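The model shown is predicted, which means the values in this text are computed figures rather than measured ones. Chain letters run A, B, ... following the sequence lines, proteins first, then strands; residues in each count from 1. Just so you know, these numbers use all the heavy atoms, side chains as well, and skip hydrogens, waters and symmetry mates.
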Protein chains: 2
Amino acid sequence: MRDFNKKLRVLLIDDNANHLRGIKELINLESCYEVVGTTTSANLGVNLIKKYHPDIVLLDINMPEKDGLQTIQTINKLNLSTKIIALSGYDDSDLIYRAMKLGAKGYVLKTMASVKLINAIEEVASGKIYLPTVLTTRFFEYFQTTAKEESKTSEGENLLNTLTIRENEVLELLTEGINYKSIAGKLIISETTVKTHVNNIFQKLQVNDRTNAVLYALSHGFKSSKTNVITTV
Amino acid sequence: MRDFNKKLRVLLIDDNANHLRGIKELINLESCYEVVGTTTSANLGVNLIKKYHPDIVLLDINMPEKDGLQTIQTINKLNLSTKIIALSGYDDSDLIYRAMKLGAKGYVLKTMASVKLINAIEEVASGKIYLPTVLTTRFFEYFQTTAKEESKTSEGENLLNTLTIRENEVLELLTEGINYKSIAGKLIISETTVKTHVNNIFQKLQVNDRTNAVLYALSHGFKSSKTNVITTV
DNA sequence: TCTTATCTAAACCTTTTGATTTAGAAAAAG
DNA sequence: CTTTTTCTAAATCAAAAGGTTTAGATAAGA
């Protein structure tokens, strides 16, 4: 929970100076906030964050100089407790999705009423996530469509299940982009044996080459025994 | 937008008969809803959905007989416009995450005030997503931690950005597991030209074969030009 | 205008892959 | 105690992929 005795320290990053001034005034109207800095440059913003360790950063993610999404990453890599609220002019599903994925704690449209912004700051500061209902819906639309393939593949008959243990080991190395010779070396078997296994894999997965075998494996939840594969979006 | 002249048809699935009765009464208090069926069995519930095509299904996802998450998938596979609201006793991040990923439009805790449930039905019926603030935060906690690994790959300089437009087109076809001849056919250029492009791609991505090129592309957020970004309104 | 980047293409050659057949040994299943 | 599965391996052959060099056409930029 948030300590109301201390002022919340807020940093503003927006390439539009006018907008910057507007937001600053708006926030300063509230006695419990303190704007510790404003800047039109993402790179400068990152430096200010390093220096001042603000509680909240309001970050315009539609900036020309540096990609806003990248900036989110850069800030999060600092490993501070600073929380990021993304500011954007667009309610683009993909943009919202990516911003949130990269660790933004809130997303506010510039067109939204100023009271929403204060609301967002308050919520995020107290450890919650702030997403207006419209954007939540947008987010989930995108989330569910991109996640759909994963669920589709996890059910039904998966040809991967027909593979033997050895074939699985071979396929795992195939998915790492390793050639016959190296696979033979790693499994300590002859290259021709590897070829035999690979051919059997092809038949079972109903493909004709390694690329398609790898693609099948990755898109059908093939789990390598050591590393956890991140199934893409 | 929802048509207020028609009653919203709701189906209830909960293995606890008492709870089922309670919810039914609660919903029937509201004149704009109609409970078209109640059942304690997930499998039976799916059949009822096939028969009655309800607008909303309130689905308890903590059932012994059949896994609630599986039931969500089964229902969605019917491809009806039926919207699912997950009911659960637990505010478990992973559970919420998976339920939403599988296509639930809302998630309500059984411990929540009954007015929240009505609220959820109303929101979901009108095409929105309903997640109480507490659960939204839980969801994003989980979402952001599981997505973290992915973001790692998209940071730093991405060699994919060095590719020309044509090289991107070729890479896109490579990631579909297509061979030189077919790529040449699709782009209406000669096979040797394709080879030239592919070689340039290899150099730029610092790999030696197509499999590794594809793996690089997939793990570094290569976006095929076909991928549809949902841009609404 | 000169230069650079991009797209196109061929020739030549080497390496890798993939397809097919055959077959022995060991282990598991019946 | 057979039969089947799995893992091993070799021999061939054909096809695809990859490496390298050279080069013309065009468009974009300095």
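For the pair B/Val207 and B/Lys181, both in contact range of DNA chain D, the more 5′-proximal nearest nucleotide belongs to B/Lys181. Positionally, the nearest nucleotide of DNA chain C for B/Thr162 lies more toward the 5' end than for the other of A/Glu191 and B/Thr162. Ranked by how close their nearest DNA chain C nucleotide is to the 5' end, A/Thr196 and B/Asp209 are led by B/Asp209. Of the two residues contacting DNA chain D, namely B/Arg210 and A/Ile189, the nearest-nucleotide position lying further toward the 5' end is that of A/Ile189.
Using a 3.5 Å distance cut-off with no hydrogens or angles, the side chains of B/Thr192 and B/Ser190 do pair a donor with an acceptor. The closest side-chain donor-acceptor pair between A/Ser182 and A/Asn179 falls under 3.5 angstrom.
Rounded to an integer number of Å, the gap from A/Lys195 NZ to C/dA19 C1' is 10 Å. Taking atom CD1 on A/Ile178 and atom P on C/dT16, their separation rounds to 15 Å, with Å as the unit. When the P atom of C/dA26 is taken as reference, atom CD1 of A/Ile165 falls 19 Å away, rounded to whole Å. Straight-line distance from the CD1 atom of A/Ile201 to the P atom of C/dA19: 12 Å, rounded to whole Å. Rounded to an integer number of Å, the gap from CG of B/Leu187 to P of C/dT8 is 8 Å. Atom CG of A/Leu205 and atom P of C/dG18 are 13 Å apart (whole Å). Protein atom CD of B/Glu167 is 13 Å distant from nucleotide atom P of C/dA5, rounded to whole Å. Summarising the geometry, the separation between CG on A/Asn168 and C1' on D/dC7 is reported as 14 Å, rounded to the nearest angstrom.
In terms of modelled atom types and a separation under 3.5 Å, the side chain of A/Glu191 and the main chain of A/Gly185 share no donor-acceptor contact.
A 6.0 Å sphere centred on NZ of B/Lys110 holds more than 12 heavy atoms belonging to other residues, nucleotides or ligands.
The listed nucleotides are C/dC7, D/dA17, C/dA9; the one nearest the side chain of B/His197 is C/dC7. Here D/dG19 is the nucleotide among C/dC7, D/dG19, C/dA9 with the atom lying nearest to any side-chain atom of B/Asn208. Listed candidates were D/dA9, C/dT8, C/dG18. Nearest to the side chain of B/Thr193 is C/dT8.
Applying the 4.0 Å criterion to OP1 and OP2 of D/dC7, one finds that A/Arg166 has every side-chain N and O outside that range. Using a 4.0 Å cut-off, some side-chain N or O of B/Thr164 falls inside it from OP1 or OP2 of C/dC7. Between B/Thr192 and C/dA10 there is a side-chain N or O to OP1 or OP2 distance below 4.0 Å. Within the 4.0 Å cut-off from OP1 or OP2 of D/dG19, at least one side-chain nitrogen or oxygen of B/Asn199 is found. The side chain of B/Tyr180 contributes no N or O atom lying less than 4.0 Å from OP1 or OP2 of D/dA15.
Aromatic ring centres of A/Tyr97 and A/Tyr107 lie farther apart than the 6.0 Å criterion allows.
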